[in-house]
Amino acid sequence: MNRLFSFVFTFACLAIWSINSERAYVHDKLVRLEPFTDEHIHYLQALEETTSLDFWTEIMAPNRSVDVRIRANEYDQYVSQFKQYSLPYEIIVNDIQEVIDNEEKELAQDRLMRQIQSRWLGEAEPRIVGTYATYKQMETYLDEKAAADPTHIKVIDIGKTYEGRSIKVISIKMNPASTRNIWIDCGIHAREWITSTTCIWLTEEFINEYNNRDPIIRQILDKWTVYVAPSLNPDGYEYSQTSGNRLWRKNRFPTNVLCNGVDLNRNYPWKWNTGGSSTSACSETYCGRSAGSEIETQNVVKFLESLKGTWDMYMSFHAYGQWWFTPYGYTTGLPKDYQKQLATAQAGANALTAVRGTKYAVGSISGLLYIASGSTCDWAYDSLGIKHSYTIELPPTQQQSNIGFVLPVSEAPAVCRETYVGMKEFLNKVHEDTAQ
Ligand SMILES: [Zn+2]
């Protein structure tokens with residue numbers, strides 16, 4: 001018995017060590033599955049619900065492919081199941097760690113260049129616009145923006161995370177008389193680094209273009225105070241950058257003795273746990289113990305509710321897939337404002353596409369993709385009553401998912417630039433709609 005206990009204990013320690021070691025994805029594979037029956041779909045849904053398999057793309061319907069990361073030590077077991085179910089599969093990436101190592105090398109070079117540049121320019125800190133910054137660097141960036149224009153720009157600490165970091169939001173209030181607000185958040189899913197980079201880029205451009213008297217941005221920022229939250233999940237973000245677990249998605253709350261993390265975008269207190277999320281504490285889409293159970297969720301809910309009735313737009317950035325989503329996620333039913341939302345989002349997507357041809361699909365979450373309950377987008381629309389509530393999934397597309405979440409940093413500026421152009425036109429259209 002003692003020998004059995006020590007064997008199990010040693011195995012558990014090894015398993016935890018392998019998860020937390022610096023190179024967590026050696027020989028992990030990205031596998032593309034081609035389900036073609038309802039039975040295949042139900043099997044995959046059960047896997048997502050009950051295991052910690054990491055689905056990179058959503059399980060939709062027969063004849064829509066699904067990409068999943070399979071750990072090296074579980075690969076044979078799953079492949080024999082796929083064969084048993086006659087489920088076609090192919091390996092897209094043979095060793096995910098290699099993709100991550102390449103990204104790391106490129107990022108290290110990018111950081112070095114930025115350090116050299118800052119020394120050359122005599123600046124205290126390297127510039128972070130257009131790169132994957134640390135959370136600390138983003139906090140410093142926000143503080144610097146506020147210090148440069150304290151009359152109009154403030155940094156608000158909306159509350160602490162589980163590990164005690166502050167969730168910071170920058171408010172840009174160019175017109176002291178404005179009473180209406182808009183909200184943009186990023187990084188609720190830790191590994192979607194490009195989203196936080198986008199939030200910083202938008203902040204930079206809003207301020208620069210306002211000061212350069214761009215007429216559209218003047219109109220937008222004279223009407224609204226803009227709130228930007230570069231990371232709604234700083235613990236997860238930090239963990240994804242420093243622990244070797246680049247593909248970490250959730251927050252860092254210990255959910256049971258073996259697992260950490262609640263999917264914050266399944267934890268919002270609206271139609272919580274009504275589909276498209278998991279009640280298993282180790283699942284990548286674990287919805288938490290109760291609606292709004294997570295401290296990070298509570299902070300955001302409290303802040304947005306404190307200004308309820310003043311919000312004209314809510315936008316949450318995710319990656320990846322190139323989708324511009326409207327509500328709903330929890331039901332295939334459409335909200336009463338759907339046609340207006342669709343037209344507004346389409347205007348933004350068209351402007352974005354015009355920059356360099358990047359195409360987005362526009363429509364409701366459940367209509368285009370899948371049922372997902374407890375997301376911020378539905379909560380913002382139904383619970384906060386924000387007519388213009390959206391979610392954007394940044395590049396790449398599923399077809400390019402041999403990189404997926406690991407978008408090379410050299411591609412970040414182009415993604416941010418086109419997204420800014422799309423957002424500007426989109427906000428212009430929201431402005432027109434809310435002026436009436
Ligand atoms: Zn996401």
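FYI, side chains are in, hydrogens and waters are out, and symmetry mates aren't considered; it's all heavy atoms of this structure.
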Smallest separation among heavy atoms of [X] and [Y], with atom names:
{"X": "S283", "Y": "K250", "result": "O-NZ, 2.7 Å"}
{"X": "L264", "Y": "Y268", "result": "O-CD1, 3.2 Å"}
{"X": "V409", "Y": "P413", "result": "O-CD, 3.4 Å"}
{"X": "P396", "Y": "G404", "result": "CD-O, 3.2 Å"}
{"X": "P230", "Y": "S196", "result": "O-OG, 2.7 Å"}

Give me the ring orientation class for W323 and F325: parallel if the planes are under 30° apart, tilted from 30 to 60°, perpendicular past 60°. parallel

Taking only residues two or more places apart in sequence or in another chain, which ones pass side-chain contact (heavy atoms from CB on, under 4.5 Å) with [X]?
{"X": "I158", "result": "I156, I167, V169, N299, V300, F303"}
{"X": "N94", "result": "K29, I91"}
{"X": "I216", "result": "D214, I220, K424, N428"}

Quick one: salt bridge (Lys or Arg N to Asp or Glu O under 4.0 Å) partners of E393, sequence neighbours excluded? none

As an exercise, state the distance from OG1 of T297 to CG of N251, rounded to the nearest 0.5 Å. 7.5 Å

Over 12 foreign heavy atoms within 6.0 Å of CD, E74: yes

Hey, is CZ on R111 packed in by over 12 heavy atoms from elsewhere, all under 6.0 Å? yes

Stepwise side chain to side chain donor-acceptor pair (under 3.5 Å) check, Y141 with E204: CA-CA 10 Å; Y141 169 86; E204 179 82 6; 2.6 Å; yes

Would you say [X]'s side chain and [Y]'s backbone share a donor-acceptor pair under 3.5 angstrom?
{"X": "T51", "Y": "L53", "answer": "yes"}
{"X": "E192", "Y": "A319", "answer": "yes"}
{"X": "K173", "Y": "N181", "answer": "no"}
{"X": "E418", "Y": "L352", "answer": "no"}
{"X": "Q298", "Y": "G292", "answer": "yes"}
{"X": "T197", "Y": "G130", "answer": "no"}
{"X": "S240", "Y": "Y237", "answer": "yes"}
{"X": "N267", "Y": "S290", "answer": "yes"}
{"X": "N233", "Y": "G236", "answer": "yes"}
{"X": "N256", "Y": "A281", "answer": "no"}

For I182 and Y314: C-alpha separation, side-chain torsions, deciding distance, then whether side chain to side chain contact (heavy atoms under 4.5 Å, CB included) applies. CA-CA 6 Å; I182 60 174; Y314 174 93; over 6 Å; no

With a 4.5 Å heavy-atom cut-off, do [X] and [Y] have their side chains touching?
{"X": "L142", "Y": "V228", "answer": "no"}
{"X": "V226", "Y": "W183", "answer": "no"}
{"X": "F253", "Y": "N260", "answer": "no"}
{"X": "I194", "Y": "Y132", "answer": "yes"}

Under a 4.0 Å threshold between the charged nitrogen and the carboxylate oxygen, would [Y] count as salt-bridged to [X]?
{"X": "E90", "Y": "R32", "answer": "no"}
{"X": "R71", "Y": "D54", "answer": "no"}
{"X": "R289", "Y": "E294", "answer": "yes"}
{"X": "D235", "Y": "K160", "answer": "no"}

So, using disulfide (SG to SG under 2.5 Å) as the criterion, who are the partners of C199 when residues are at least two apart? C186

Less than 3.5 Å apart, any donor N or O on the side chain of [X] or [Y] sitting next to an acceptor on the other?
{"X": "E209", "Y": "Y420", "value": "yes"}
{"X": "S52", "Y": "E284", "value": "no"}
{"X": "T57", "Y": "Q398", "value": "yes"}

Got a sec, which residues hit ring pair (Phe, Tyr, Trp, His ring centres under 6.0 Å) with Y85, two or more places apart in sequence or on another chain? Y43

Residues which pass ring pair (Phe, Tyr, Trp, His ring centres under 6.0 Å) with W272, listed by chain and number, not counting sequence neighbours: none

Start with the C-alpha gap between S410 and E106, add the side-chain angles, then the distance that decides, and say whether side chain to side chain donor-acceptor pair (under 3.5 Å) holds. CA-CA 8 Å; S410 55; E106 201 196 35; 2.7 Å; yes

Just checking Y320 against F405, ring centres under 6.0 Å apart? yes

Centroid separation W311 to Y227 less than 6.0 Å: yes

Verify side chain to side chain donor-acceptor pair (under 3.5 Å) between D263 and T285, making sure each step is shown before the conclusion. CA-CA 5 Å; D263 183 346; T285 53; 5.5 Å; no

Can you run down the disulfide (SG to SG under 2.5 Å) pairs that involve residues 255-336, sequence neighbours left out, and say none if there aren't any? C259-C282

Would you please test I386 and D312 for side chain to side chain contact (heavy atoms under 4.5 Å, CB included) and show each step? CA-CA 6 Å; I386 307 173; D312 282 335; 6.0 Å; no

Give the C-alpha distance, both sets of side-chain angles, the deciding distance and a yes or no for side chain to side chain donor-acceptor pair (under 3.5 Å) between Y360 and N350. CA-CA 8 Å; Y360 274 70; N350 291 347; over 6 Å; no

With sequence neighbours excluded, tell me which residues meet side-chain hydrogen bond (donor to acceptor under 3.5 Å, both in side chains) with [X].
{"X": "E48", "value": "none"}
{"X": "D101", "value": "R23, Q97"}
{"X": "D110", "value": "R114, T131"}

Identify every side-chain donor-acceptor pair in residues 329-339 under 3.5 Å, counting partners at least two apart or on other chains, and give the distances.
{"unit_1": "T331", "atom_1": "OG1", "unit_2": "G333", "atom_2": "N", "d": "2.9"}
{"unit_1": "D337", "atom_1": "OD2", "unit_2": "Y381", "atom_2": "OH", "d": "2.8"}

Using the side chain to side chain contact (heavy atoms under 4.5 Å, CB included) rule, take I188 and T376 through it: C-alpha gap first, then chi angles, then the decisive distance, then the call. CA-CA 10 Å; I188 194 168; T376 60; 3.8 Å; yes

Starting from the C-alpha separation in whole Å, work towards a yes-or-no answer on side chain to side chain contact (heavy atoms under 4.5 Å, CB included) for L202 and F317. CA-CA 12 Å; L202 295 180; F317 278 98; 3.8 Å; yes

Under 6.0 Å from the six-membered ring centre of Y162 and within 45° of its axis: does the NZ or CZ of R252 meet both? no

